[in-house]
Each structure stands twice: as C-alpha cells, then as structure tokens.
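The next block holds one structure in the form of structure tokens; read it before the comments.
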Amino acid sequence: MYPPVSSSVSAEGGSASGGKFPEIEREILARWKQNKIFEQSLQRSGREMVFYDGPPFPTGAPHFGTIFVSILKDALARYFTMAGYSVPRRWGWDCHGLPIENAVEKKLGIGDKTQIEKQLGVAAFNNECRKLVADCNVAWESYINKIGRWVDYAHAYRTLDLPYMESVLWVFKQCYDQGLIYKDYRVTPYCYHCETSLSFSDIRESDSTRPRQDPEVIVRFKASDEVAGKPTWYLAWTTTPWTLTSNLVLAVGADFSYAAVEHAGSVYIMAEALVTKWAKLFGGKPYIVKIFAGSELLGRHYEPVFPYYRDLGAEGYFRILAADFVTLDDGVGVVHCAPAFGEDDYWLCKRHGLGVRNPVDARGCFTADIPEFAGQNVHEANKGVIRALKASGALMHHSTIEHNYPHCWRCRTPLIYRAMDAWYFAVDKIKDRLLKHNEEINWVPEHVKHGRFGKWLEGARDWNISRSRFWGTPIPVWECEAAGCGQRHVLGSLAEIKAAAGREFTDLHKEFLDEVVLKCPACGKPMRRVPEVLDCWFESGAMPFGQCHYPFENKDWFESHFPADFIVEYPGQIRGWFYYLHVLAVALLDRAAFKNCLVHGTLLAEDGGKISKSKKNFTDPMELMDRYGADALRLYLLGSSAVVMEDLNFKNAGVHDQIKQVLLPLWNAFSFFVTYANVDSYAGDPARQPESTHALDRWILAKLYRAEHEVGEAFKTFYLNRSLTPVTAFIEDLTNWYIRQSRARFWGGGLTPDKRQAYDTLYYALVTLLKLLAPSAPFVADYLYRQLTGEDSVHMATWPDVPDTYRNEALIEETAVAQTIVTLGLALRQKAGLRVRQPLPGIQVALPSSVDSGVVARQLDIIRNELNVKTVTLLADPGAVATLRATPNARVLGPKWGREVQAIIKAAKAGQVREEGDKIIVFEGQKEWTVDRQDIELSYQGKDGMDVMGDKGVLLALDKTLTPALREEGVANELNRIIQDLRKTAGYAVSDRIEMTLEGELDPAWRGHLQQLALAVSVELSEAEADATARETIEGRAFRVSIRKMTQA
RNA sequence: GGGCGUGUAGCUCAGUUGGUUAGAGCGCGUCCCUGAUAAGGACGAGGUCCCUGGUUCGACUCCAGGCACGCCCA
C-alpha cells in the first residue's frame, strides 16, 4: 500500500488539502541529515570523480551567482554519483588577501597602512582578519543547505591553515628553484590606499574599470630646434597632469606625419592628422608651415615643463623617442613619458638606457624631490600642477573628461601606475607549455578553449605575485641586508624553517615569520625576510596541493586526485582561478590541473541589467525558495542556457513555470499511479523490467529509452542544460498521451494480465523518470522515489540503464502519425463547431507514401476514442478533395541531378507527377525525370474550400453526417457530463451509489446506460428531496437531473 | 580600437554532417471539466531566421563584410 496522495499540491500559498513543495523540501532536508544520505552516497564503490571546489572569500552573504554555481556543482556531482562514481565534495575558503584586509580596515576604521604597522601592529591586525574569516560561514551554510547542495562543509580547506600555507611555501620554492620567480623594479598598477602593487588580473576584475572624471590638459614643451626662425614647441596631451612633474622624454610615432603649426608668433608641433581636431588651439585657423615625418624628430631635445629633473638633460633625457604605443586616437600624437608612472613609458626608457625618477611615495604622495607639492596626494596635486603650468605659460588647454579608469577592485581607490620593487612569476617562460596543455582541457562551452582562455594565455604577461600587505602567506625569501651582497635564501617547508630558525612554528603568518633572521652564508650579516606577502591568487591557484598538504602528507592521495576531473565556475575565473590553477600546475607538474571545465554564465535582472542590491531589481533567492521551493529554482537555472556561459535575464515567473511544467504534471502522474495501485493492491518491484506486449507500453518505454540516453549524454558532456528538455518532453508524453490513453486499462476490477503490464510499465517509467530528474530536482525526486520504492533515497540509486530492447524508433514514428491524425481531427471538429462529446460517423485519412498504412489499423482504438468517431478509413480518392503533392528527397536527388533538382522539386511540389511501376515520373512541359519511389514522398494537400486538413503529409477528412442515433448518443454524453458534474459538486466519492431522477426525452437504452455509469437507480425525486439538481436544454429538449446519495443498506 | 560570444514568434529560448512546410514554453485569442490533473487540456493566430554579398543545384545552417547587443580587454 502506498501512502495516499493528495491530488492537489500547492505551488505556493497554504492549500488546505495538499503539501507544498517548500514543505516537502524541509522534510527531505531533515531526513537527509538524519540518515546521513550524503555521507552514504560517498561510500559507493567505483572510481572516484575528482572535483575541485573553487574557494570563495568568506565575506558577506552568498549572492545569486554563488547559488547558481552551487546548483551546477551539485547537479553534476549527484549525476556522477548515480552513474557509479564516488564524488567527494570538499568546500574551500579563500581566507587571505585584500578583500579581507579591507573589510577589517573598515571595521576598525583604519585609514592607512602606517596605522597598522605603527599603531595597531601586524599581529593584532592579522588577528582581526582571522576573526572575521571565522565568523562568516553561517550565512553561507544556510543558503547552501537550502538549495540542496551536498558538500562537505565541515572539513573545508582554508588557505590560512598551517598545512595549506606550508604547501604554498613549497609551491613557491619549486617555482623559485626553476627560475620562474624574480624580483624587479618596474611599473605596476598600484593602490595608494592599500599601499600595494596589484597584478594585471586585479585591475581586470569586473568592477575595477569604472568611469572617472579627470583633467585633460595639453602642454607645450620648448623645442631646442627652432622652425621658421620662431620659438618652437612640442605639444603633449595627458589626463594625469601630476605625472608631468616627472616627465623625462616625449614619444612620437616614427611613421606618423607631424605638422608645424604657426600661431601667434610661435610654432607648435603635433600630429598632422589631429591638427583639425585641435584647431581651437590655433585660433581656429591652423597655419601649417612645415610637415615632418615622425622619424625626422627623433633624438631632438626639448626643455621639461618642470625644473625638478632638469639637470638630467646632459645624460640624454628630454629627447624625442619613437614608440609604437603612440596612436592618433586621442591626444595630439605626441606622448609625454614619465617612466616611473607609465608601463609603456618605463619600457621605452629602459630600452634606451634611461633610468627612472620616482618622486611619489607609498601613500601616493609627492616626496621632497618635488618641493612644491611634497606631501600632496598625486590626484589631489593635479589642481596645483595645472595652476603652475598655467603660470609658467606651458598650459595650452585644460578641460575635464570622463573616461574609464582602473580602480582598486576592493577599496575602489583610483589606481596609479608606479615604479617599485615587486616579485614576479615568469609566466612568459612557460607560455608555450601553458598553451600546449590547454589543448588537453575540455572546455564547456567549447569556444573558451581558443577564445577567452586561449587568447588570455597567448597574451599572458609576467605575474606580480607580491603584495606589500599583511594578511597572506608570506613570501618565503630571506635577503642579506648587506648592501651589494645579494645573497638570497628560500625556505619551502616547516622543517626548513625550523632548521633555520632553531624552533618550531605553528603559524606561518607575517607576524611570526618576520621574526626569523638568518645569517648570511657569504658575508655573515643578518638575512631578513622580504616584507611582502603572496597574491591570494597564488594561494588559490595552489589549491590542488594546499588542500591535501602535498607533498608533506597524502602523497598517494594527491597522485590519484590530480588533475581534477571537472571544475565549474563563472567566466571571471577564466583570468582568475582557472588561469592560476593552470599556471601553477603547468609550472610544477607540466600538465593541466583539470580535465573538464564548465564555465557558466551571468544572471541578470529581469530587465537585462546587472543584479544590484542597491537597485533592488531582483527577488532574494531565499524568498524565491520559500515561495516555490529549491527544486523549481534549480530546474529553471539548470535548464537555461546560463549553464553554458550565456547571460540569463532571470524571471521569477520562470521559476514558477517549472512547477507548472515539471513538478505538478509529475506529481499528478504519480498520484494517478498510487490511486489505482492501492485499489488493486499492486506493489511495484524496482528491480523488475516490464515485459509488455501492449503498443502503448512499448511506446512509452521507447520514449523512456530515448529520454534516458539524451539526459545521460547531457550530463556526461557537461552540457547539463540539455538534460531537462528530454525530461519535460517525457513527462508530457507520459501524462498527456500514455496515461490519458491508458486510463481505461486501470479501471476494470481485478488485476488482469493486461492491467499488470500497464502497472509494471507505469511503475518502471515513473521510477526511471525520478532517477533522471534526481540530479536536477533532488527533493521532489527523492520524496516520490521513496514512496514508490521504499528505498532510502533516489540519490543512492544507480543511474538507469534502460535496456536496448525498449528501443523502438518505428513505434515512436507510428504513434506520431496517430497523434497527427488526432490533432487534425480535433482541429476539424473545432472548425466545424462540433464538440468531441458529439459522436461522428468517421474520418477518412490519406497518408504520405512513406508511412505504412497499417498504422491506422494498429492505432485504430486510440484514434476512434480520442476523436469520438465510429470508423477510421483510408480515403478512397484523395484527389477529389486534395491535390497531390510530391516532396522529393533533396538530399538524395541533389547530388544525382545537380542543377536540375530545383526544377524537379518545383514540378513535384506542383503535383506534376505520375506513377509508373516502382518509378515516379516528374514532368514539366516536355521534360520528364524518372525518380525512384523511395526518393520521393507522395502526399495530399487539402484543396481550398474543402473540408479537409493536412499536416506532415497526413490528410484528414471528417464525416459530419449526424444520424438520429448519433444525435441521441451525443445527448446522452451531454447528460452524462451533467450527472458526473453533479456527483462531483455534491462531493460524492467515486464509488458512492445514488438515486437519480432524469426528466426529459431520451432513448431508454441510453437512459439505462447513464444509470449504470452513474451508479444510480432510477427513482422519482423532487428537487427539494435531491442533494443536487441541474436543468439544461440539449438539442431543444429540456432535461432535469436530480440526485441523492443512497444511505448505506 | 582588439578578442570572444550572441542576434530565430510579443517574451525566454531549441533547431542535430546544408535538403526546400523553422519548433517549444510563456503570453495572446477561441474553446473544453465523461473522475489522476482547471495550480489542467485542445485548437488557433503570430516569423524578412539582424543586414549585405559570396560559396552551392539548394543557406536559419558554411564563408566574408557590415549592424546591434553582452562580456573581456586596450
């Protein structure tokens, strides 16, 4: 006996009679927890499927994106578990780095780095970071739990743990020993609030490039060589006036053409192409006195606009150099270069043997080198700089522009480029191998391999791995403090540190490791650790090693768990985690870190805009799950193309649709089964595969076979959005064809052989369907599965292997023809205004030549039943109501006839064909083509005005002749509907016996039939005596029906 | 400016090695309760497959060039 099923399940709101999906989910969650289903599912035998979970920062609450990615990870893991793998899922936390430091600064009200170093102390600061990281897990856990994600949260790896950090040191040392790590003084993106350099990835984080208003100035530099005997100036354009203090050279494009423009007694040199654009500099009427090739200007000298480094002139500074970064897109075609503050500038000067002058300190303020602005922040100094330029006459133009400008991805401070010491990872050295091993990765969607990721690898540049900060794994390099000694020592393990320091360490953070002072083996002077910590991407990239404390522990485990079989993250990680995993894996092991990588897309608000908490343009996912349940949310997301890196405009209605389209029909099918199974005391056996001879059974099993293969394929290839279409299609087939057609088979008394076949089939179909749905809708699938099978959980079941014997494409096609006939018949009825309840004499059918006409006989009952007609026959003379239409198989005839095939197709479509034996002759004027019968399909198309309809080559004519007998049957059917309706509204049970009065003119035979159907005996009931009465006029005859429930005898 | 992706019904999206009548769901219109299912069902209307050119007997599909949008970067 199955637990009784409420037939009405509520999608939302409190329904008195039925459970709600969210309620079911809470119940299931409790059971999973209590019975440790997740833990059990990990104990399965079989090969492991290795999954790496990308660690989020434990700041704030999870957002829509993290929920989505969790659903994807969960669905895949559930599928692979059912497919026979053990899929350990270990959570991870990215605990270090600027995001955490910034949160702590904010909490403590810390304004700058010196406060941490001088007042608070590094140890106290790091302790605050530690505390913050420890608190944040609760919000995440409730979300992750609610969406049904199974993940080992309790044993999460954390990048701040001692073993993890030790592995990171080891990874660093491996790279260092390979010569992949070096220190260099060069220009890097720099945040003067965080007082650290950043990597190129940092400034490419999604939110880092933001609009900013900056001054736009054009200044003039006095040229040493006069043109036309007049004072001559080079013009240069910049949006960072403060860098003019440190200008050391000007750059031009050697291939560009430069104009000398005379104005007000002076001559100005700028790119010819831009003269018109800046005509206003020359009173609107530029007068060009001479044209130079850029190459002619090279090596010429000029005078700086500020005096601070003037004395460098003799050393070859303040010259015109050629550079390919000069463009004619904006500016004036002459670029002012301050090698301390521009990357291009830096490399240009370096190539020409010119040094750097950097008068900006770590806080982004001018040093004493620039006495006028010393102590001023560079951005704030812009105003004064411009004022000074104006005073000296150098300023030619000044306005404000808004442009996109890089900002610190965590503290939102505008970045500057600044020359400084930093540690680099020589990505360039291993670029070839990075590209080679990318070929081994299966990317989903495929285009990422040679698109985003491949292109990013091709353009990869050396990676700034050092941060001048506190909260991170310290860079384990000790340098001799003696000037010029240059000794370095790298410690790559706790043992090495112990040996060097003479004591144990239980924490490797900066405040502890900085205490370790070594003695220089070369000169005997102290060696101190370099101050920087590692970029947190280095740590998350080292996750395969760090999570298992490789190589200090778990060596065997590591070897069987590297590389990952699959990973899943959002597109931002193409330049982030995916990239750094790849870099470190290739550097250390010369192979890719993961075999399959699913890159999912972005969820946008309904209006297509970014999801934004401040705009409140979306509903909190928790609220959605409370309303509709997590299954519906999961189905919506998993079925969308957002799975494969497309954007999705998220609509709440989309979640609700899943209930209507998937969950409720499923529930109803289940409820149908249980209702009748309980009547017949049928108990399904999950191990039994049905062996039915009934065409409907074989048909639904053929559909099931097909669905299982499509769903399995979708999961195996990681295109899991393709896994749901076959499921919904199957549910549609099951409910609106199989069950609908099979109802009568379940009605009769007793468990007949045919009924047993029907039960076996429906049971097997339902159980299998729930397995197909289990990875995507784990709650409902488990709830129903348990009721059907009594087993612990669908998630412990193995993925269904629907046997080949159920495969039957021919039956599927044949049934499709019957479905077409039914659809056409219903359409014709509708057109004629004849409701299905009115029986009709028959339909006549013409089938295309490709269809075996036996289909009509085999599907006869279904067609008659659905269309309520007495006969289904083949049209004797289709030509009378329809035109012959021939559709050649162009795929075959094309190659055979070439150009002529178009004429053949045209003639054939026009019906210009005749049959000659097993050949078909297509003709057009004098021309004739002989075509093999199997290469052309003959069908009929209804003539206009005739009462026929056609679709997919099937033609159908409806005989609408109404005999008195048919009319009488129609009336009886109407009355039956009225009676059944009365019973239902009166609240009777299906089996209740009743007394009934039926007043009105009706054939006595039908009268008796109706009584039988209604379980009624005929008595005279006045309206007052009856429980319910209906009066209706049918075909001009007035009827009264009154019913009363019989009391139990 | 470059790279990658997308462009198919009012909306969200399918569309299999190119084959001649391009599909689904939602929405819309009309209709339907014969006992699993109205929180359903049937039927219907709705398309310049972004544009231009090319390849081909034949292009939504392949190629080139545009246009629009998104993401990433300069």
Side-chain angles (χ1 to χ4, degrees), chain A residues 5 7-13 15 18 200 203-204 206 209 325 327 329 404 445 447-448 450-456 458-459 571-572 574-575 601-602 604 608 639-641 645-649 651 653-654 656-657 659-661 663-665 667-676 721-722 725 728-729 732 735-736 739-740 743 746-747 822-823 826-831 833 835-837 866 868 885 887-906 908-909 941 950-953 972-981 983-984 988-990 1013-1014:
Chain A
V5 179
S7 65
S8 79
V9 176
S10 171
E12 54 180 315
S15 144
F200 290 102
I203 66 164
R204 280 154 197 173
S206 40
T209 303
F325 57 78
T327 68
D329 296 337
N404 287 327
H447 60 74
V448 176
H450 295 122
R452 287 271 174 99
F453 195 69
K455 291 285 184 327
W456 178 251
E458 282 168 23
I574 290 173
R575 312 176 319 275
T602 314
L604 302 173
S640 81
S641 49
M645 213 174 134
E646 301 282 344
D647 291 344
L648 173 71
N649 294 3
K651 291 182 172 179
H656 187 236
D657 286 348
I659 291 178
K660 294 211 283 193
Q661 279 165 44
L663 300 182
L664 283 176
W667 189 274
N668 290 331
F670 168 79
S671 137
F672 174 87
F673 170 82
V674 168
T675 305
Y676 287 97
N721 53 320
R722 295 178 188 163
T725 320
T728 21
E732 165 78 14
T735 56
N736 286 330
I739 293 181
R740 185 180 160 82
R743 275 182 302 189
F746 292 92
W747 282 344
V822 168
T823 298
L826 290 173
L828 276 173
R829 270 184 169 277
Q830 178 132 342
K831 217 165 95 184
R835 50 182 44 174
V836 181
R837 225 174 290 124
E866 279 293 292
N868 196 12
R885 188 191 148 80
T887 312
N889 184 344
R891 204 187 282 265
V892 176
L893 297 190
K896 205 184 282 183
W897 295 92
R899 182 176 293 274
E900 272 182 286
V901 77
Q902 294 306 325
I904 300 175
I905 290 168
K906 202 176 161 199
K909 270 192 197 168
Q941 189 169 30
D951 186 38
K952 296 172 185 140
N973 286 342
E974 256 342 302
L975 283 168
N976 189 42
R977 173 188 64 77
I978 291 165
I979 296 165
Q980 298 296 345
D981 198 31
R983 284 189 60 118
K984 204 173 182 178
Y988 300 166
V990 180
L1013 286 176

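Quick note: numbers below take in every heavy atom, side chains included, and nothing from hydrogens, waters or symmetry partners. Throughout, a chain's letter reflects where its sequence line sits, starting with A, and its residues are numbered from 1. Remember, it's a predicted structure, so these values are computed and weren't measured experimentally.
Rounded to whole angstrom, the span from the NZ atom of Lys906(A) across to the C1' atom of G19(B) amounts to 18 Å. Atom-to-atom, CD1 of Ile739(A) to P of G35(B) comes out at 15 Å; the value is rounded to the nearest Å. For the pair Asp647(A) CG and G70(B) P, the computed distance is 10 Å after rounding to whole Å. The distance between atom CD of Gln980(A) and atom C1' of A36(B), rounded to the nearest whole Å, is 15 Å. Per the geometry, CZ belonging to Arg899(A) stands 6 Å off P belonging to C57(B), to the nearest Å. In this structure, Gln830(A) places its CD atom 16 Å from P of G41(B), rounding to the nearest Å. The distance between atom CH2 of Trp747(A) and atom P of G35(B), rounded to the nearest whole Å, is 5 Å. Rounded to whole Å, the distance from CZ on Arg452(A) to C1' on C4(B) is 5 Å.
Listed pair Arg575(A) / C73(B) meets the phosphate criterion, a side-chain N or O lying under 4.0 Å from OP1 or OP2. Arg722(A) has no side-chain polar atom (N or O) that falls below the 4.0 Å cut-off from OP1 or OP2 of A14(B). For C4(B), the OP1/OP2 oxygens have a side-chain nitrogen or oxygen of Lys455(A) closer than 4.0 Å. Proximity of Lys909(A) to the phosphate of U21(B): a side-chain N or O atom is located under 4.0 Å from OP1 or OP2. The phosphate of A24(B) (OP1 or OP2) has no side-chain N or O of Thr728(A) nearer than 4.0 angstrom. Phosphate proximity of U21(B) to Arg885(A): present, with a side-chain N or O under 4.0 Å from OP1 or OP2.
One distance of note links CG of Leu1013(A) with CD1 of Ile979(A); it measures 8.0 Å at 0.5 Å rounding. The structure places CD of Glu866(A) at 4.0 Å from CZ of Arg740(A), a figure rounded to the nearest 0.5 Å. Taken from CD in Gln980(A) to CZ in Arg977(A), the straight-line distance is 11.0 Å, to the nearest 0.5 Å. Leu648(A) contributes atom CG, which lies 10.0 Å from atom OG1 of Thr602(A) (distance to the nearest 0.5 angstrom).
Only the C1' atoms considered, U52(B) is 24 Å distant from A9(B), to the nearest whole Å. Taking atom C1' in both C51(B) and A14(B), the straight-line distance is 24 Å, to the nearest Å. If you take atom P in C13(B) and the same atom in C73(B), they sit 24 Å apart, rounded to whole Å. Nucleotides C31(B) and A45(B), compared at atom C1', are 14 Å apart to the nearest Å. Comparing the C1' positions of C26(B) and G40(B) gives a spacing of 16 Å, expressed to the nearest Å. Comparing the C1' positions of G7(B) and U48(B) gives an interatomic distance of 14 Å, to the nearest angstrom. Rounded to the nearest Å, the gap between the P atom of C32(B) and that of U20(B) is 38 Å. Taking the P atoms as reference points, C60(B) lies 10 Å from A22(B), given to the whole Å.
The two atoms that bring Lys455(A) and His450(A) nearest to each other are NZ-O, 3.3 Å, heavy atoms only. Across all their heavy atoms, Ile739(A) and Thr735(A) have their closest contact at CB-O, 3.9 Å.
Remark on RNA chain B: of its neighbouring residues Pro888(A) and Thr725(A), the 5'-side contact belongs to Thr725(A), judged by nearest-heavy-atom nucleotide. Of the two residues contacting RNA chain B, namely Arg977(A) and Val448(A), the nearest-nucleotide position lying further toward the 5' end is that of Val448(A).
With distances taken from any side-chain atom of Glu732(A) to the nucleotides A42(B), U37(B), U34(B), the minimum falls on A42(B). Picking from U37(B), C13(B), C4(B) the nucleotide with the shortest atom distance to the side chain of Ser641(A) gives C13(B). The listed nucleotides are C26(B), U12(B), G35(B); the one nearest the side chain of Arg983(A) is G35(B). In the set U34(B), G19(B), G27(B), G19(B) carries the atom at the smallest distance from any side-chain atom of Pro895(A). Taking the side chain of Lys651(A) as heavy atoms from C-beta on, and the options U37(B), U12(B), G40(B), the nearest nucleotide is U12(B).
Backbone-only engagement by Glu646(A) is indicated by non-hydrogen atom pairs under 4.0 Å involving sugar-phosphate atoms exclusively. Residue contacts for Tyr676(A): at a heavy-atom cut-off of 4.0 Å it reaches the sugar-phosphate backbone alone, with no base atom in range. Within 4.0 Å of Ala729(A), counting heavy atoms only, lies no atom of the nucleic acid at all. Here Lys831(A) lies out of heavy-atom contact (under 4.0 Å) with every strand. Using a 4.0 Å heavy-atom criterion, one finds that Asn889(A) contacts no nucleic acid atom at all.
Put simply, the side chain of Thr823(A) does not reach to within 4.5 Å of the side chain of Asp951(A), judged on heavy atoms.
With both pairing distances under 3.5 Å, U6(B) is matched to A68(B) as a Watson-Crick or G-U wobble pair. With a 3.5 Å ceiling on both atom-pair distances, G46(B) lacks any Watson-Crick or G-U wobble partner. Across all strands shown, the partner of C31(B) is G41(B), judged by Watson-Crick or G-U wobble contacts whose two distances both fall under 3.5 Å. With a cut-off of 3.5 Å on both pairing distances, the Watson-Crick or G-U wobble partner of A24(B) is U12(B). Pairing partner, G1(B): C73(B), with both Watson-Crick or wobble hydrogen-bond distances short of 3.5 Å.
In terms of polar N and O atoms assigned as donor or acceptor, the side chain of Arg835(A) never comes within less than 3.5 Å of the base of C31(B) in a complementary pairing. The base of G18(B) has none of its N or O atoms less than 3.5 Å from a complementary donor or acceptor on the side chain of Arg891(A). Under 3.5 Å, the side chain of Asn649(A) and the base of U12(B) form no donor-acceptor pair of N or O atoms. A donor-acceptor contact under 3.5 Å links the side chain of Gln902(A) to the base of U20(B).
Scored by the salt bridge (Lys or Arg N to Asp or Glu O under 4.0 Å) test, Lys831(A) finds no partners at all (sequence neighbours excluded).
A centroid separation of less than 6.0 Å is found between the aromatic rings of Phe746(A) and Phe672(A).
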